[in-house]
*Asks:* 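Below you'll find the structure I mean.
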Amino acid sequence: MVQLLAPDGTRSRHEEFDAVLEAGSLATDEALRGYYRDMVMIRAADLEATSLQRQGQLGLWASALGQEAAQIGAGHAARTQDYLVPTYREHGIAWARGIEPWRLLEMFRGISHGGWDPHELRTHPYMIVLGAQAPHAVGYGMGLQRDGLVGTGDAEQDTAVLALFGDGASSEGEVSESFTFAASFQAPVVFYTQNNQWAISVPTEVQSRVPLAQRSRGWGIPSVRVDGNDVLAVMGAVRIALDAARAGEGPRFIEALTYRMAAHTTSDDASRYRPGSEEEAWAAKDPILRLRRHLEQLDAIDEDYVATCDEEAHDLAMQLHHHIHGMEDPDPMVLFDNVYTEPHPVVEAEREAYAQHLAQFEDETEEVGR
Ligand SMILES: Cc1ncc(C[n+]2csc(CCOP(=O)(O)OP(=O)(O)O)c2C)c(N)n1
Ligand SMILES: [Mg+2]
């Protein structure tokens with residue numbers, strides 16, 4: 001397992017990883033402070049989202065607590081033109097791609113189907129179907145090959161795809177099938193698993209007899225396992241793999257070892273199936289604390305910076321709170337918009353049937369049908 005930052009913040013060197021971090025100015029003091037701020041911001045947004053769910057403002061929330069480095073590192077390692085295909089727990093990826101947190105909350109409130117323009121932000125909508133990210137990513141990657149956007153040597157143009165999925169999802173047939181297609185066609189895809197140790201109540205040991213990273217090797221897909229709570233190891237691995245994919249060298253697989261600090265979702269009680277001692281052991285490996293310790297060792301952070309990040313994070317949480325509490329329910333008929341690019345007879349028939357259904361209640365209270 002590649003690790004550049006130990007839990008106590010101590011930095012070790014790795015020739016290949018350090019070369020790519022230096023080439024991209026990804027590990028300067030300023031960049032590190034930026035990742036620290038990003039992680040503090042998304043943790044605050046995440047905690048606020050959990051509170052909003054408890055207040056009845058969201059239907060559900062899937063927390064990414066503990067996975068901040070695995071997501072901020074991967075999100076910033078991608079280049080602007082790369083296409084990212086996330087799951088439902090990718091709030092740090094969304095942040096790094098410039099997606100405002102309230103857009104995520106809208107989905108978990110059930111009032112938006114997607115929330116952002118995937119083309120503009122080069123990030124696919126969240127997908128809850130486990131493993132579905134992999135075939136979408138490979139198909140997109142094969143399209144890029146056919147559009148002549150891979151291996152041209154033009155750094156501004158060559159494009160790769162980052163497919164994100166969890167340890168549990170890696171057991172889905174779709175992931176194996178995607179490995180086959182990606183390897184056969186040498187598609188420009190990086191498969192990226194955040195092994196957060198759990199698939200709801202099923203531990204990773206049950207998913208695989210070998211480290212997950214080894215699985216792709218039978219397909220001839222090179223792989224690496226990194227410490228997913230180490231933002232620099234994640235960033236180095238993802239940048240190296242995406243560069244190779246973009247250059248036309250085919251797919252790669254990365255396993256980032258991390259931990260889901262919260263329950264699976266707000267509907268889950270993790271104390272039913274995992275011991276508190278495990279949670280404590282992982283708390284000592286916290287990705288944010290680790291980066292802060294490293295910055296302190298570099299003498300690259302002071303109390304003012306930490307306090308400013310905390311204040312900004314608090315402000316973000318308050319903005320989310322007010323935004324969600326003040327949100328109007330949308331017109332129910334928008335459900336039928338944007339299903340297809342062009343009108344579709346089945347959707348139109350359903351739109352009409354639903355309009356008639358709602359019309360039955362028009363004489364009742366104004367609230368009915370909302
Ligand atoms: C195809 C499919 N089967 C089952 C589910 C129900 N489900 C949602 S999340 C989940 C566990 C996923 O675990 P993992 O892939 O490790 O991701 P994590 O939630 O830990 O981030 C399950 C079984 C689903 N969404 N899709
Ligand atoms: Mg998992």
Side-chain angles (χ1 to χ4, degrees), residues 1 42-43 46 49-50 53 58-75 84-95 104 107-108 110 113-114 123-138 162-179 190-216 225-229 234 238 253-275 278-279 281-282 285 287:
M1 180 181 81
I42 59 165
R43 184 166 287 191
D46 204 308
T50 299
Q53 194 281 335
L58 304 182
L60 183 78
W61 180 246
S63 167
L65 232 61
Q67 297 178 222
E68 292 87 353
Q71 299 186 0
I72 291 298
L84 276 56
V85 189
T87 74
Y88 43 84
R89 201 188 292 288
E90 246 67 80
H91 319 318
I93 292 284
W95 177 267
L104 309 175
M107 272 186 293
F108 284 92
H113 277 169
T123 307
H124 207 73
Y126 272 13
M127 266 195 282
I128 292 184
V129 181
L130 299 181
Q133 296 76 15
H136 278 81
V138 175
L162 185 67
L164 297 114
F165 49 85
D167 44 285
S170 74
S171 298
E172 288 284 336
E174 275 173 295
V175 172
S176 295
E177 288 157 17
S178 302
F179 282 173
V190 175
F191 299 101
Y192 179 66
T193 281
Q194 288 164 70
N195 176 358
N196 64 8
Q197 315 296 323
W198 293 92
I200 312 186
S201 56
V202 179
T204 313
E205 311 78 273
V206 178
Q207 306 284 350
S208 180
R209 298 284 163 246
V210 295
L212 294 180
Q214 285 182 22
R215 279 180 159 183
S216 70
R225 177 184 243 195
V226 296
D227 186 332
N229 283 7
V234 168
V238 177
F253 181 41
I254 299 167
E255 176 190 7
L257 219 56
T258 181
Y259 193 67
R260 193 198 76 205
M261 289 173 118
H264 173 66
T265 63
T266 45
S267 299
D268 175 44
D269 174 4
S271 71
R272 299 279 295 273
Y273 54 83
R274 69 181 189 188
E278 180 184 294
E279 294 176 13
W282 278 93
K285 301 187 213 172

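Order of appearance sets the numbers: ligands from 1, and atoms from 1 within every ligand. In this text, all values refer to a predicted model and were calculated from it rather than measured experimentally.
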*Asks:* Looking at non-hydrogen atoms alone, which of I128, L130, V202 comes nearest to atom 1 (C) of ligand 1?
*Replies:*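 Considering heavy atoms of I128, L130, V202, the nearest to atom 1 (C) of ligand 1 sits in L130.
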*Asks:* Would you mind checking which non-hydrogen protein atom is closest to atom 11 (C) of ligand 1, with the distance to 0.1 Å?
*Replies:*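 Checked against all protein heavy atoms, atom 11 (C) of ligand 1 sits closest to I200 CG1, 3.6 Å.
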*Asks:* Taking the side chain from R274 and the backbone from A263, do they hold a donor-acceptor pair closer than 3.5 Å?
*Replies:*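 The answer is no, because no donor-acceptor pair under 3.5 Å joins these two groups.
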*Asks:* So, 4.0 Å and heavy atoms of R260: is ligand 1 close enough to count as a contact?
*Replies:*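 Contact check R260 vs ligand 1: negative.
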*Asks:* Give the ring-plane orientation class for Y126 versus F108, where under 30° counts as parallel, over 60° as perpendicular and anything between as tilted.
*Replies:*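 Rings of Y126 and F108: perpendicular, over 60°.
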*Asks:* Contact between ligand 1 and F165 is defined here as a heavy atom of the residue under 4.0 Å from a ligand atom; is it met?
*Replies:*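 So F165 does not count as touching ligand 1.
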*Asks:* Hey, is Q194 touching ligand 1 through its side chain, its backbone, both or neither, going by heavy atoms under 4.0 Å?
*Replies:*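 Neither; no heavy atom under 4.0 Å.
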*Asks:* Can you tell me which residue among L60, L130, L104, T265 is in a side-chain contact (heavy atoms from CB on, under 4.5 Å) with Y88?
*Replies:*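 Of L60, L130, L104, T265, side-chain contact (heavy atoms from CB on, under 4.5 Å) with Y88 is met by L130 alone.
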*Asks:* So does W198 have any N/O/S atom less than 2.8 Å away from the Mg ion (ligand 2)?
*Replies:*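 Under 2.8 Å: W198 contacts the Mg ion (ligand 2) through an N, O or S atom.
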*Asks:* So, regarding V129 and ligand 1 (criterion: nitrogen or oxygen to nitrogen or oxygen, under 3.5 Å), is there a contact or not?
*Replies:*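 Between V129 and ligand 1 (N or O atoms, distance only) the closest approach is not under 3.5 Å.
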*Asks:* Check the orientation of W61 and H91. Use parallel for under 30°, tilted for 30 to 60°, and perpendicular for over 60°.
*Replies:*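 Parallel, since the angle between the ring planes stays under 30°.
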*Asks:* Check the pair L84, I93 against side-chain contact (heavy atoms from CB on, under 4.5 Å), reporting the backbone distance first and the verdict last.
*Replies:* CA-CA 9 Å; L84 276 56; I93 292 284; 3.7 Å; yes
*Asks:* With the Mg ion (ligand 2) as the reference point, give the N/O/S atom of D167 that is nearest.
*Replies:*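 Atom name of the closest N, O or S in D167: OD1.
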*Asks:* When the ring planes of F253 and F165 are compared, do they come out parallel, tilted or perpendicular, using 30° and 60° as the limits?
*Replies:*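 Judged by the thresholds at 30° and 60°, the geometry between F253 and F165 is parallel.
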